[in-house]
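Heads up: the structure comes next, in structure tokens.
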There are 2 protein chains.
Amino acid sequence: MPRTPARTPDAGRRSERSRRAILDASLALVGEVGYHRLTIEAIAARAGVGKQTIYRWWPSKAAVLLDAFTARTEDPEYAAGLPDTGDLAADLKLVLRATVDEFDDPAFEAPYRALAVAGALDPDLSRQFTERLNEPGLAAYRDRLRSAREAGQIAPGTDLDVAVELLTGPFFARWLSRSGGLTHAFTDALVDTVLAGLRPRDS
Amino acid sequence: MPRTPARTPDAGRRSERSRRAILDASLALVGEVGYHRLTIEAIAARAGVGKQTIYRWWPSKAAVLLDAFTARTEDPEYAAGLPDTGDLAADLKLVLRATVDEFDDPAFEAPYRALAVAGALDPDLSRQFTERLNEPGLAAYRDRLRSAREAGQIAPGTDLDVAVELLTGPFFARWLSRSGGLTHAFTDALVDTVLAGLRPRDS
């Protein structure tokens with residue numbers, strides 16, 4: 001009998017399979033029943049594991065969900081940041097169009113809505129989501145705008161935080177309150193109007 | 001015995017007092033317990049009326065809350081729309097600073113957050129809130145921007161819907177996700193950046 005069974009290749013693969021099943025189950029369930037009715041028991045049942053397996057790895061359902069969502073940001077393609085072709089408008093439009101498509105997928109949209117709502121009601125959860133989930137995404141926008149500022153494509157005095165919020169806030173507001181359609185035409189218009197306001201004064 | 005007791009001045013005043021007490025109680029309670037735990041019974045108890053009084057006037061708690069919030073928009077000062085001094089930036093900054101101050105008041109903020117969250121989870125409620133509560137406010141912004149467009153202060157091709165969402169969406173996103181401070185400096189920066197993007201091309 002091996003002394004470190006958890007480290008054998010088979011056990012490692014089984015652990016990773018369980019971890020993945022738990023994260024997937026948490027996203028599917030929170031989209032179905034909402035954050036407040038989500039339980040560790042239900043996640044365990046859906047994932048086909050014992051609930052002690054979940055408690056061994058995560059202290060709470062919020063922690064499970066955070067890992068489920070941040071698993072996406074560890075994707076190498078995502079972690080590479082925004083594209084930088086030199087054409088700022090084209091790069092921003094590409095990313096925001098991809099975001100529109102992502103929110104059009106109920107498997108993403110439903111759990112994300114459940115989390116946004118839970119965060120809106122719970123300042124501590126909100127802080128964790130902002131730090132671990134939203135902030136890395138916003139930082140990628142800031143980096144792209146900074147590179148454009150260095151290239152003289154946007155005004156030197158541009159407040160990058162405000163610029164990023166102008167690009168992302170109206171999308172978030174339309175999405176959460178369902179006050180308008182999330183379309184490529186909408187995000188293209190956002191990019192054009194915001195960039196017009198950020199142009200260097202002498203252009 | 002008068003044939004139309006409800007129309008005597010005293011009964012009318014009592015009705016109006018009850019109506020006001022019910023609306024006030026609904027706002028206070030939804031801020032305390034959230035939309036989903038709010039009940040007609042609790043509103044009646046807090047307002048000091050029988051619950052049949054509430055059911056006689058409103059079909060649901062959502063209808064009570066909608067009236068409670070829209071009572072504000074019937075305020076003559078509010079219904080007059082945005083100020084129009086001819087200085088678009090100053091007018092928008094004034095209104096957005098007042099909105100910052102309004103959201104700084106827990107008696108307003110807590111019930112409004114509860115409603116925003118309830119709407120985010122319920123498309124039908126969301127539609128009612130958008131139509132009766134948000135749309136009149138957004139229309140006031142659009143009217144002010146239209147008058148600026150007619151005065152040649154913003155570009156003739158300006159999409160007024162997108163412009164309004166640029167002014168209000170980042171505020172909503174910061175507020176609901178608590179991702180940044182709601183300050184006068186923030187809303188001033190929003191106005192300056194958005195208006196820079198809306199200036200006529202030849203100025």
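Just so it is clear: chains get the letters A, B, ... in the order the sequence lines come, proteins before strands, and each one is counted from 1.
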Starting at CD of B/Glu165, measure out to CG of A/Leu166 and round the result to the nearest 0.5 Å.
12.5 Å
Of the listed residues (B/Asp161, B/Val117, B/Val194), which shares the most heavy-atom pairs with chain A below a 4.5 Å separation?
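When all of B/Asp161, B/Val117, B/Val194 are compared, B/Val117 has the most.
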Please classify the contact of A/Thr130 with chain B as side chain, backbone, both or neither, using a heavy-atom distance under 4.5 Å.
side chain
Quick one: what part of A/Val162 sits under 4.5 Å from any heavy atom of chain B, side chain, backbone, both or neither?
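The side chain, not the backbone.
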With the threshold set at 4.0 Å, does a side-chain nitrogen-carboxylate oxygen contact exist between [X] and [Y]?
X        : Y        : result
B/Asp192 : B/Lys93  : yes
A/Asp101 : A/Arg97  : no
B/Arg142 : B/Glu135 : yes

As an exercise: rank A/Leu167, A/Leu138, A/Val164, A/Thr193 by heavy-atom pairs under 4.5 Å with chain B and give me the winner.
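Top count of heavy-atom pairs under 4.5 Å with chain B: A/Thr193.
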Where does B/Leu198 contact chain A at under 4.5 Å (heavy atoms): side chain, backbone, both or neither?
side chain
Under 6.0 Å between the ring centres of B/Phe69 and B/Phe129?
no
Ignoring hydrogens, what is the shortest heavy-atom contact between B/Thr158 and B/Arg149? Give both atom names and the distance.
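Taking B/Thr158 first and B/Arg149 second, the nearest heavy atoms are O-NH1, 2.9 Å.
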Identify the two heavy atoms, one from A/Ala114 and one from A/Val30, that lie closest to each other, and give their separation to 0.1 Å.
CB-O, 3.5 Å
Only heavy atoms, only distances under 4.5 angstrom. Which residues in residues 119-127 of chain B are near chain A?
B/Gly119, B/Ala120, B/Leu121, B/Asp122, B/Pro123, B/Ser126
Taking the six-membered ring of B/Trp175 (Phe, Tyr or Trp), confirm whether the NZ or CZ of B/Arg113 is under 6.0 Å from its centre and within 45° of its axis.
yes
